[in-house]
Amino acid sequence: MKFASSYEPNQYEADIYAAWETSGAFDPVIPTVPVDDDGNGHDDRLNANTYSIVMPPPNANGNLHIGHGLTIALEDSLTRYHRLKGQSTWYIPGADHAGFETWVVYEKALEAQGHTRFEYDRNELYARVWDFVAMQRGNMELQLRALGASCAWDDLTFTLDENVIDRVYTTFEKMWNDGMIYRGKKLVNFCPKHQTAFADIEVEHKDEKGTLWEIAYDDIIVSTTRPETLFGDTAIAVNPNDARYKDIIGKEVHLPLTDRTIPIIADEHADPEYGTGAVKITPAHDFDDFEVGERHNLERIQVIAEDGTMINVPEKYLGLTAAECRKQVLKDLKDQGLLRGEKQIVHSVAHCYKCGTVLEPTLKEQWFVDVKKLAATAIEHLEKGEIKFYPENKQKVLINYLKNLKDWNISRQIPWGIAIPMFRKANSEATDEPDWIFDRRTDLKEIEKAGVKYVRDEDTFDTWFSSSHWPIVCTDWTEENPSPYYPLNVMETGADILFAWVARMIMMGLYVTGEVPFKEVYLHGLVLDAHGKKMSKSKGNVINPMDLVAKYGSDAFRLGILRGRSAGMNQAFSENSVISGRNLCNKLWNISRFIQGIVDEGDSLDSYTTLNQGEDWICRELNDCLDQIEADFEAYRFAEAVETLYSTIWDKYADWFLESQKIYRNVPLLKKTLETILVALHPFAPFVTEAIWQNLSWTEGMIITAKWPTRLEYDPISAEQFENIRTIVSEVRGTLQALSGTNNAKKYTLLYDNDSLVEDNLLLVKALTKVPAVDPLNGAPRGLRVALANHELYLDVPEKVVKEYKDALTEKILSVGRELDALNARMMNPNYVERAPEHLVKETIDAIKEKESLISRLKTQLTLI
RNA sequence: GGGAUUUUAGCUCAGUUGGCUAGAGCGCACGAUUCACAUUCGUGAGGUCACAGGUUCAAGCCCUGUAAAUCCCACCA
């Protein structure tokens, strides 16, 4: 016997995965590189039936977390479904160098060894991090395998692979030539701890308590939360409509603690309602002030250096940290009587999303992408509906974001990343040559062109700049050989990176290829803990997907994490749902074990025919189930598909069909239907379905490359009759349960009068209700009437028991009466009869007849008691 | 300030173009028991669909408003 009494995932999963991988089942059937089999000069792949999906690349040197677990469950289910449907499926795995994250980890390791980044040059650091990552790599790839990801491993793309860098450089060069790249000295969010700038999107704003100080600049009082920046003030702004200050616009005031004077200017930025209505302007250290400075052509005086110490300030404050300087400034202002008040406020402060350090708006020369055209093109294609979003409201959200997008800072001061291929002229005498030139030779620090020396910019690209090429590089798309796998069929990723990643892939895809990079976008939400709280290390509520896989199996995890989840929603997750997934796997295992047992007894017919109502019924239910799953996959309704499979397999197939097959056996049909449910469940539970497939005596090949089931043949009238049997059985069971006493099912014979359906299914009804016998009534009604309108059924119970059932019977009559009243009320409404669809009115009339007949029968029974 | 989302059973969620008595899983109560499965089987209790109006023959679903919660963007001198 190949089937143990329960399914033990750990015995099978590793071997099964290895078998899949070595068989080549993960690889697309249609080649990914150009072919011209018929020699007509055309790439024969281009009209092929392909299905492509890329994996959002997990951090190459990290471990998978619960969000990855969800990602794989979603993407791999899609992949396997489309593979079973016969498409040439390409699920492309990836690994992310995770520029900033990995750098932070590495720098910590470096510090632990007593070193700092400043001891090495950029190339050395790059090489060192490369080795560091190489050492840890593989962990997450093993974990992807444990989750069952059926991806094409040979095509794994690492974000620092040569073809990625090539493509990024090609795009950058094109943008540079198109005038979309510019070098700007602008305010950027700068993390003093990590010594790097961030894009707006990487900044985390948090509400914090702070102090608002009021400082006298001559007669004008200004409010500020950052008194130490006053040395960088180059103006005071008042609102042009503010009557209080009308007369002093254009005048100069003395800047405290210095011997400078600054002008009073009129600008809308000053809010008359806030504070005193006058605001100090520090263009070098505040984003709003920077813009005011642009409008009024103000000087930008940087007073806080990148290391967080004071520069360009009076001797006394030079070299202090910003915090020390603030204290000193406040003290000095107070001594001079210029500090006129302070109050506590709550304001939002920008933090580094990694270390929580307060970010310092800092003037820096950086590379920027002019996003106007990119965004406009993306909006145009999005508004045409070229990409379908799940959930669909994200389309609007994304368009709204793109409409307000500001230029994109792509420079990062982190060695671990793709070097920016720009070189600055070294000797300024050669005035005819441009200051900056593009060159791919980023492995060199210095190059020479036309006799002029150039030095490479030390910075690297923002990882999102290279990641935005992901669909292009993963599918090996090139100008010369566009891939049939581009655009991707779907981009599945987290809703939290809609702006950072999805938006940029769309802009970049359109810019490089002229086509949107994917046809559909499915966004998943956060996986929250069982109480709906965000998982975090500090809260200690983090669930490790690998623990659950080890404990319950990969399939159980996948089924569990998909349960109750819908697109874009942050939803709770608990071990319970994994347990219920595990139970389903075991149920399926035992279903198979049972059927194999029957097959072993011998019967070698291959083709099936249905022979009774239960068999017709299960065929109908399985067909409905397949329809439902196909529709659910089209609409990305994963949880619903799982739910449908769960109830079809358990509540219908096992509880009714298999139970009925204990009376009437149809071996070919058992085989056929089992294959159907195995294949249908395979996308969600790949391991157990494959393990069963391999253990069954008659199946061939591997289920991963099987064919999606075709519909079953059945007699619909007969199938519907089985519903009547189900109703009879349920009602008898319910009545038996409601009778006083225990073990009622064993005691009382079921009597039927004039009922061919029961007569034809005596053994089945007997087995399902567990009554000792099902006999014809033969005479006057006796015992307890079963509450069915269209069947004359009695439970042969003694008078005494019938009497004890009186209360339950009364309650039953009342409840049916209430339903009847509701139906009658509906029919009393002439508008309903007139305007509702005919079939509904007819159904209502039928229902009324049925209820009336049932009530009169029950009432007769009651009077007999 | 702008935008989005959510509110249905004790918990987590379905409920697709409005249409029969609003469903599932878990939990709970009661009952069963060796013959595929206790990771089992059966039966049941539990809902003013956040609230108030409106449209409609008919509203959990559509419209208006209110409340609560969550998230994103911008801003907070």
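Chain identifiers are assigned alphabetically (A, B, ...) following the order of the sequence lines, protein sequences preceding nucleic acid strands; residue numbering begins at 1 within each chain.
- Remark: Tyr217(A) engages Ile215(A), Val222(A), Leu230(A), Asp233(A), Ile236(A), Val253(A), Leu255(A), Pro256(A), Ile262(A), Lys280(A) in a side chain to side chain contact (heavy atoms under 4.5 Å, CB included) (not counting sequence neighbours).
- Evaluation of the ring-ring contact (aromatic ring centres under 6.0 Å, His included) rule for Phe389(A) yields no partner, not counting sequence neighbours.
- Counting to the nearest Å, the P atom of C75(B) and the OH atom of Tyr274(A) are 15 Å from each other.
- In this model, a side-chain donor or acceptor of Gln737(A) finds a partner on the base of G42(B) within 3.5 Å.
- Residues Phe684(A) and Phe633(A) bring their aromatic ring centres within 6.0 Å.
- The phosphate of C41(B) (OP1 or OP2) has a side-chain N or O of Trp650(A) nearer than 4.0 angstrom.
- The gap from the C1' atom of G47(B) to that of C41(B) amounts to 28 Å, rounded to the nearest Å.
- When the side-chain hydrogen bond (donor to acceptor under 3.5 Å, both in side chains) test is applied to Lys587(A), no partner is found at least two apart in sequence or on another chain.
- The residue Glu819(A) sits close to a base: some heavy atom pair falls under 4.0 Å.
- Within the 4.0 angstrom heavy-atom criterion, only backbone atoms of the sugar-phosphate kind lie near Phe499(A); the bases stay farther away.
- At distances below 3.5 Å, not a single donor-acceptor pair connects side-chain atoms of Glu621(A) with backbone N or O atoms of Tyr653(A).
- Rounded to whole Å, atom P of A24(B) lies 12 Å from atom NZ of Lys652(A).
- The backbone N or O of Pro272(A) sits nowhere less than 3.5 Å from a side-chain atom of Asn239(A) that would complete a donor-acceptor pair.
- Listed by first then second residue, pairs satisfying ring-ring contact (aromatic ring centres under 6.0 Å, His included) with a partner in residues 551-578 of chain A number zero, not counting sequence neighbours.
- As rounded to whole Å, 10 Å separates atom C1' of U12(B) from atom CG of Asn576(A).
- In this structure, Lys662(A) reaches the bases: a heavy-atom distance under 4.0 Å links it to at least one base atom across the strands shown.
- No donor-acceptor pair under 3.5 Å is formed between the side chain of Ser730(A) and the backbone N or O of Thr727(A).
- When rounded to the nearest whole Å, the span between CZ of Phe638(A) and P of A24(B) equals 24 Å.
- When heavy atoms are screened at a 4.0 angstrom cut-off, Asn404(A) is found touching no nucleic acid atom at all.
- Nucleic acid contact class of Lys394(A) (heavy atoms, under 4.0 Å, all strands): none.
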Yes or no on side chain to side chain donor-acceptor pair (under 3.5 Å) for Gln596(A) and Asp600(A), after CA distance, side-chain angles and deciding distance?
CA-CA 6 Å; Gln596(A) 182 65 59; Asp600(A) 287 343; 2.8 Å; yes

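- Comparing U8(B) with A52(B), their P atoms sit 15 Å apart, to the nearest whole Å.
- Using a 4.0 Å heavy-atom criterion, one finds that Lys851(A) contacts the bases of the nucleic acid, with or without backbone contacts as well.
- Of the candidates U5(B), C41(B), U39(B), the closest approach to any side-chain atom of Ser6(A) belongs to U39(B).
- In this structure, Ile649(A) places its CD1 atom 19 Å from P of C37(B), rounding to the nearest Å.
- As rounded to whole Å, 16 Å separates atom P of U6(B) from atom CG of Leu526(A).
- Within the nucleic acid shown, Arg733(A) comes within 4.0 Å of sugar-phosphate atoms alone, with no base atom in reach, counting heavy atoms only.
- Salt bridge absent: Glu214(A) and Arg340(A) never bring a charged side-chain N and a carboxylate O closer than 4.0 Å.
- Checked against A36(B), U40(B), G3(B), the side chain of Asn400(A) finds its nearest nucleotide in G3(B).
- A9(B) and C28(B) have their C1' atoms separated by 12 Å, with the value rounded to a whole Å.
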List the protein contact pattern of nucleotides 13-20 of chain B with one symbol per nucleotide (5' to 3'): B for base contact, S for sugar-phosphate-only contact, - for none; contact means a heavy-atom distance under 4.0 Å.
SSSB--BB

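- Between the P atoms of G10(B) and A45(B), the separation comes to 15 Å (whole Å).
- Note on Asp271(A): a base of the nucleic acid sits closer than 4.0 angstrom, heavy atoms only.
- Stem analysis of RNA chain B (at least three stacked-register Watson-Crick or G-U pairs, each with both distances under 3.5 Å) gives B:1-7 with B:67-73, B:10-13 with B:23-26, B:28-32 with B:40-44, B:50-54 with B:62-66.
- When the C1' atom is used for both U7(B) and C11(B), the distance is 15 Å, rounded to whole Å.
- Between the side chain of Arg563(A) and the main chain of Val642(A), no donor-acceptor pair closer than 3.5 Å is present.
- Considering only side-chain N and O atoms, Lys812(A) lies nowhere under 4.0 angstrom from the phosphate OP1 or OP2 of G44(B).
- For C61(B) and G18(B), the C1' atoms lie 6 Å apart once the distance is rounded to whole Å.
- When heavy atoms are screened at a 4.0 angstrom cut-off, Leu212(A) is found touching the sugar-phosphate backbone but no base atom.
- Taking the P atom of each, A50(B) and U6(B) are spaced 12 Å apart, rounded to whole Å.
- Spacing of C1' atoms, G44(B) relative to G65(B), comes out at 41 Å, to the nearest Å.
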